Amino acid sequence: YAIEALARELEEYEASVDLDPSRLDDVRRRRDLLFRLTKKYGALLADVIRTSEEATRELDLVDSAGLDLRQLEAREREARATLEQVAGQLTETRRAGAERIVAIGGDGTVNEVVNGFFDEQGTAIKPDAIFALIPFGTGGDFRRTMNIPMEIAEAAAVIARGHTKRIDVGKLELTANGGGTVLRMFANIASFGVSGVVDRLVNESGKKLGRLSFMVATARATWSYKNQRVALVFDGKDRVETTINTVAVANGRYFGGAMLVAPNAEVDDGAFDVVAMGDLTFGDLLTSGRRLYKGTHIGMDKVSVRRAKL
C-alpha cells in the first residue's frame with residue numbers, strides 16, 4: 001500500500017508542475033517502476049501480512065494462557081537435544097521386533113525417526129518395518145510430498161486403514177560441525193548452500209512465527225549469503241564445476257517451508273532430482289522468489305536439474 005501511495009504521489013506531482021523533458025522522463029520511470037512493484041509483489045506482501053497477523057494471534061493466545069515464550073523455547077531446545085537419543089532408542093526398538101513406528105512432528109522429527117530405522121552403516125535393521133506420520137511441526141515438507149492430511153484425525157485414519165508406500169531413502173556422508181565423518185539417512189531432501197543458513201536461522205528463531213519463520217529466515221540468509229564455487233559429481237563419472245546458491249538433492253518435492261524445489265521428483269523411482277540454483281543474486285531471488293513456491297523456477301537460465309543415484 002505504501003508503494004502504491006508513493007506512485008500515486010509521483011503521478012500527481014507530474015501533473016501539477018512543469019518539468020523539463022529529461023526530468024519528466026525520470027519521474028515517469030520512477031512512477032512506472034513503483035506501479036510494477038505494486039502489481040508484482042502486492043499479493044506476496046499481502047500473504048506476508050496475513051501470515052504475520054496469524055502469527056500475532058497465535059502469540060497472543062500464548063500470552064493469554066500465561067505461558068512464557070522463553071520457557072517454551074528452552075523446552076524446545078531440550079526436546080531437540082533428545083532427538084538423537086530418540087533415534088538410538090528407535091534403533092533398539094526396531095531390533096526388538098517393532099513392526100510400525102508412528103512419529104508425531106515435523107520434518108526434523110521425520111529425519112531423526114527415519115535414521116532410527118537404520119544401523120551405523122546405513123543398513124535397514126528391519127526392511128519390512130513401517131514408518132507412519134501424524135504431522136505436527138513447522139515446515140511439513142515431507143507431509144506435502146506424501147499428501148498426508150494435516151488434520152490429526154485424518155492422518156490417524158490413513159494409518160488405521162493400513163495405506164503404505166515403499167519409498168527410496170538417501171544415504172549421506174558428511175563432516176560434522178565438530179569434525180569427523182557422520183552418516184545420515186534422509187527421506188525427503190538433503191541440501192547445501194544458502195538453505196543451510198536458512199535452517200540455522202529458523203532453528204535459532206525458536207520457530208515462533210510458524211511458516212513465516214522460513215520466509216523471514218530466507219530473506220535474511222539470501223541478503224548476506226555469498227554464493228560458493230563447488231564441484232558436483234553425478235553417478236561417479238560426470239563432474240561439473242559451478243557457482244551455486246543452493247543445491248537440493250531431492251527425493252521428495254518440497255523444502256524450506258512449502259518451496260516446490262523439485263516438482264518432478266518421485267520418492268519411489270530409484271533416483272534423485274538434483275536441483276542446482278546457480279549464481280543467483282539477491283535481485284534474482286527477489287524477482288523470482290515466488291516461482292520457487294510454484295515449481296516454475298525449473299527452466300530459469302541459472303537453474304539446472306539432473307537425475308542421479310549418487
Side-chain angles (χ1 to χ4, degrees), residues 51 54-55 58-59 61-62 65 67 69 71-94 98-118 125-126 129-161 163-165 167-170 172 182 184-191 195-196 198-215 217 250-259 261 267:
T51 307
E54 292 173 357
E58 292 175 2
L59 291 174
L61 287 173
V62 171
L67 299 175
L69 277 177
Q71 292 181 2
L72 291 177
E73 290 170 8
R75 291 176 187 173
E76 181 180 6
R77 285 194 296 271
E78 292 173 2
R80 294 184 67 83
T82 64
L83 282 176
E84 289 188 5
Q85 297 178 5
V86 170
Q89 292 169 359
L90 285 170
T91 299
E92 294 306 316
T93 301
R94 192 92 338 83
E99 296 181 352
R100 180 168 64 185
I101 295 292
V102 180
I104 302 176
D107 293 314
T109 302
V110 169
N111 183 260
E112 293 298 341
V113 174
V114 165
N115 272 271
F117 278 69
F118 299 85
I125 295 170
K126 190 173 183 181
I130 296 171
F131 168 77
L133 175 67
I134 292 180
F136 193 81
T138 307
D141 291 316
F142 181 74
R143 173 196 70 79
R144 290 183 178 89
T145 293
M146 301 304 297
N147 294 315
I148 298 173
M150 187 62 192
E151 293 298 323
I152 293 176
E154 294 178 12
V158 172
I159 298 171
R161 288 194 294 270
H163 290 179
T164 61
K165 181 184 180 99
I167 69 170
D168 303 323
V169 177
L172 175 66
V182 177
R184 298 288 294 177
M185 314 299 290
F186 63 95
N188 189 36
I189 291 175
S191 67
S195 59
V198 172
D199 284 345
R200 176 174 58 79
L201 292 174
V202 168
N203 290 330
E204 289 175 354
S205 74
K207 304 180 184 178
K208 295 184 290 294
L209 300 180
R211 180 180 166 186
L212 184 60
S213 298
F214 283 96
M215 298 176 70
N251 189 41
R253 296 181 176 181
Y254 294 88
F255 81 158
M259 292 181 182
V261 67
V267 295

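We're numbering straight along the sequence, starting at 1. Since this is a predicted model, take the numbers as computed values, not measurements.
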ask   = Looking at Pro149 and Pro135, what are the two nearest heavy atoms and their distance?
value = O-CG, 3.4 Å
query = Could you state the interatomic distance from CG (Asn251) to CG (Asp168), rounded to the nearest 0.5 Å?
reply = 5.0 Å
message = Could you measure the distance from the CZ atom of Arg100 to the CD1 atom of Ile130? Nearest 0.5 Å is fine.
response = 6.5 Å
request  = Find the distance between CD1 (Ile104) and CD1 (Ile134) and round it off to the nearest 0.5 Å.
outcome  = 5.0 Å
query = By salt bridge (charged side-chain N to carboxylate O under 4.0 Å, His left out), which residues pair with Arg253, not counting sequence neighbours?
reply = Glu266
note = CZ of Arg184 to CD of Glu112, rounded to nearest 0.5 Å, is 4.5 Å
Partner residues of Ala103 under the side-chain contact (heavy atoms from CB on, under 4.5 Å) criterion, sequence neighbours left out = Thr109, Val113, Phe131, Leu133
Heavy-atom pair with the smallest gap, counting every atom of Ile167 and Ala187 = CD1-CB, 4.3 Å
Nearest-0.5 Å distance that lies between atom CD1 in Ile189 and atom CG in Asp141 = 7.0 Å
key: Smallest separation among heavy atoms of Gly252 and Ala250, with atom names   = O-CB, 3.3 Å
query = Would you call Asn111 and Phe186 a side-chain contact if the rule is heavy atoms closer than 4.5 Å?
reply = yes
message = Any non-hydrogen side-chain atom of Ile159 less than 4.5 Å from a side-chain atom of Val102?
response = yes
task = Can you measure from CG (Asp107) to CZ (Arg143) and round to the nearest 0.5 angstrom?
result = 9.5 Å
inquiry  = For a quick test of reading the model, state the closest non-hydrogen atom pair linking Gly257 to Arg144 and the distance between them.
reply    = C-NH1, 4.4 Å
key: Partners meeting side-chain contact (heavy atoms from CB on, under 4.5 Å) with Val169 (sequence neighbours left out)   = Val114, Phe118, Met185
